[in-house]
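Notes to accompany the following structure.
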Amino acid sequence: MDWSFMASGPLSWGIALAISAAAAALMLAAKSLVVRRLGRIAESTPGHLDDIAVQVLARTHPLFMVSAGLYLGTLALALPARSELLVSHGLVVGLLLQMALWGDCGLREWLRHYRQSPRGRNAASSTSTAALGFFARAALWLLIALMVMDNLGVNITTLIASLGIGGIAVALALQNILGDIFSSLSIVLDKPFVIGDFIIVDDVVGTVEYVGLKTTRLRSLGGEQIIFSNSDLLKSRIRNYQHMQTRRIAFAIGVTYQTSAEQLRALPAIISGIVGAQAHTSFERAHFKEFAASSLNFEVVYHVDSADYGVYMHIQQEVNLALFERFAREGIAFAHPISMVQQLTPAAQAA
């Protein structure tokens, strides 16, 4: 006895299943062959676009190829209009999801190759691409989700309008989190600092170790990790020492009141000679600045043509040692705080 399902008999269904199986098998085999061949070609070429193309093609999901094979099989059937519409919608949804997988894979592979390139290996690019890559992939999946819903008959215009109204309430509830996210974008685009920079935030000193969507983490000189929210960080005064070209050094020395006028006049030239003899320095000035309670104070200013703190400390150490030796030879005494106690005689106390 003949039977039929959805206005198609057993022969038609058999042909449809054969076409579906053959189409799916051919697509799976073609994918494997093309990926393997292109992979060999990509290994022998210096560019990275073909490598990205191979990775994107390899992300073609088997379920998509099976669904495409089933759609081709249904072309041999005389399906009702409602069933044909459902099958076509299913194929479009599968294609959109596959496009999302291709786009997501392409973005990730491009970012990976970019970070491995000479331009992408610097800290600024690493910070920027990490954040921008996340937002690009999120935007891609959001767009695909809206297209899928539109294909399924959802009125996305109404949905977007309702999301806009609800988004205001969500934004008010999550304003601190959203503030941190937008602050991370500001850090990425404006680049007040990047990973690896040595910065001072108010009274906190450390090296930038991680810049995320909500927090930025510093590694302090003591070794502990210090975590800032991005919005709080941008509200603070940040001193970035990474881009410093030179250091301006100002220090003071004091000599005793027993120092003669001739020695005081000779001191700026002595200091200038000692500072100028050091490598990486340029002397600016040395002046007799003030009469203090127990010392005659000189102010010295010079510049170091290196941002390295270790270089500065080595130079300052050599300057201090040279001053100590020269003052000893010249008979000049360094000042130090003196407390004088006057003891009165019994006669003076009686008077």
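Just so it is clear, the model here is predicted, and its values are computed rather than measured.
Side-chain contact check for L97 versus L101: every heavy-atom pair is 4.5 Å or farther apart. When side chains are defined from C-beta on, I274 does not count as touching F283, because their heavy atoms never get closer than 4.5 Å. By the 4.5 Å heavy-atom criterion applied to side chains, H314 and E318 are counted as neighbours. Side-chain contact check for E109 versus R59: every heavy-atom pair is 4.5 Å or farther apart. E290 places none of its side-chain heavy atoms less than 4.5 Å from the side chain of E299. At a threshold of 4.5 Å between non-hydrogen side-chain atoms, the residues I195 and V211 count as touching. Annotation: side chain of Y312 is not in contact with side chain of H280 (no heavy-atom distance under 4.5 Å). Between L28 and P62 there is a side-chain heavy-atom pair separated by less than 4.5 Å.
Under the 4.5 Å side-chain heavy-atom criterion for Ile, Leu, Val, Met, Phe, Trp and Tyr, V35 and V66 are members of distinct hydrophobic clusters. Under the 4.5 Å side-chain heavy-atom criterion for Ile, Leu, Val, Met, Phe, Trp and Tyr, F298 and F291 are members of the same hydrophobic cluster. When hydrophobic clusters are built by joining Ile, Leu, Val, Met, Phe, Trp and Tyr residues whose side-chain heavy atoms come closer than 4.5 Å, directly or via intermediates, I15 is grouped together with Y71. Under a hydrophobic-cluster definition in which Ile, Leu, Val, Met, Phe, Trp and Tyr are linked whenever side-chain heavy atoms come within less than 4.5 Å, directly or via other members, L140 and M147 are assigned to the same cluster. Linking ILVMFWY residues whenever their side-chain heavy atoms come closer than 4.5 Å, directly or via other members, leaves L321 and V311 in distinct clusters.
Within 6.0 Å of the CZ atom in R37, the count of heavy atoms belonging to other residues, nucleotides or ligands does not exceed 12. By the neighbour-count criterion of 12 heavy atoms within 6.0 Å, atom OH of Y309 is sparsely surrounded, having that number or fewer from other residues, nucleotides or ligands. Summarising the local packing, CE of M99 is surrounded by 12 or fewer heavy atoms from other residues, nucleotides or ligands at distances under 6.0 Å. Residue F228 qualifies as enclosed at atom CZ: its count of foreign heavy atoms under 6.0 Å is above 12.
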F193 vs L233, side chain to side chain contact (heavy atoms under 4.5 Å, CB included): CA-CA, chis, key distance, verdict: CA-CA 11 Å; F193 54 84; L233 187 62; 3.2 Å; yes

Side chain to side chain contact (heavy atoms under 4.5 Å, CB included) between M65 and T60, intermediate numbers included: CA-CA 8 Å; M65 289 181 280; T60 305; 4.2 Å; yes

CA sep, side-chain torsions, deciding dist, call: V319, I249, side chain to side chain contact (heavy atoms under 4.5 Å, CB included): CA-CA 12 Å; V319 168; I249 312 302; over 6 Å; no

Full working for side chain to side chain contact (heavy atoms under 4.5 Å, CB included) between I253 and N297: CA-CA 6 Å; I253 55 175; N297 292 340; over 6 Å; no

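Below 30°, between 30° and 60°, or above 60°: for F324 and F334 the angle between ring planes is below 30°, a parallel geometry. Ring pair Y302/F251 is perpendicular by interplanar angle, where above 60° counts as perpendicular and below 30° as parallel.
The CD atom of E330 sits 10.0 Å away from the OG atom of S260 when rounded to the nearest 0.5 Å. Distance check, rounded to the nearest 0.5 Å: CD1 of I271 to CZ of F327 gives 5.5 Å. For the atom pair CZ of F288 and CG of L296, the computed distance is 4.5 Å after rounding to the nearest 0.5 Å. With rounding to the nearest 0.5 angstrom, the CD1 atom of I19 is 8.0 Å from the CG atom of L72. The line from CZ of F198 to CG of L221 is 4.5 Å long, rounded to the nearest 0.5 Å. The line from CG of L96 to CG of L143 is 9.0 Å long, rounded to the nearest 0.5 Å.
With hydrogens and angles disregarded, a donor-acceptor distance shorter than 3.5 Å links the side chain of N240 to the backbone of P192. Although no hydrogens or angles enter the test, the distance criterion places no donor-acceptor pair under 3.5 Å between the side chain of T216 and the main chain of N230. At distances below 3.5 Å, not a single donor-acceptor pair connects side-chain atoms of N320 with backbone N or O atoms of Q317. In this structure a side-chain-to-backbone donor-acceptor pair under 3.5 Å is present from T281 to V275. Proximity of a side-chain donor or acceptor of S67 to a complementary backbone N or O of F64 within less than 3.5 Å is detected.
Residue A250 comes nearest to V301 through the heavy atom pair CB-CG2, 4.1 Å, listed as atom of the first residue, atom of the second, then distance.
Side-chain N/O atoms of H303 and E284 include a donor and acceptor closer than 3.5 Å. Between the side chains of D305 and T246, no donor-acceptor pair is found at a separation under 3.5 Å. S306 and D308 are not linked by any side-chain donor-acceptor pair at a separation below 3.5 angstrom, with hydrogens and angles left out of the test.
Each of L267, T256, L264 was compared with I332 under the side-chain contact (heavy atoms from CB on, under 4.5 Å) criterion, and only L267 meets it.
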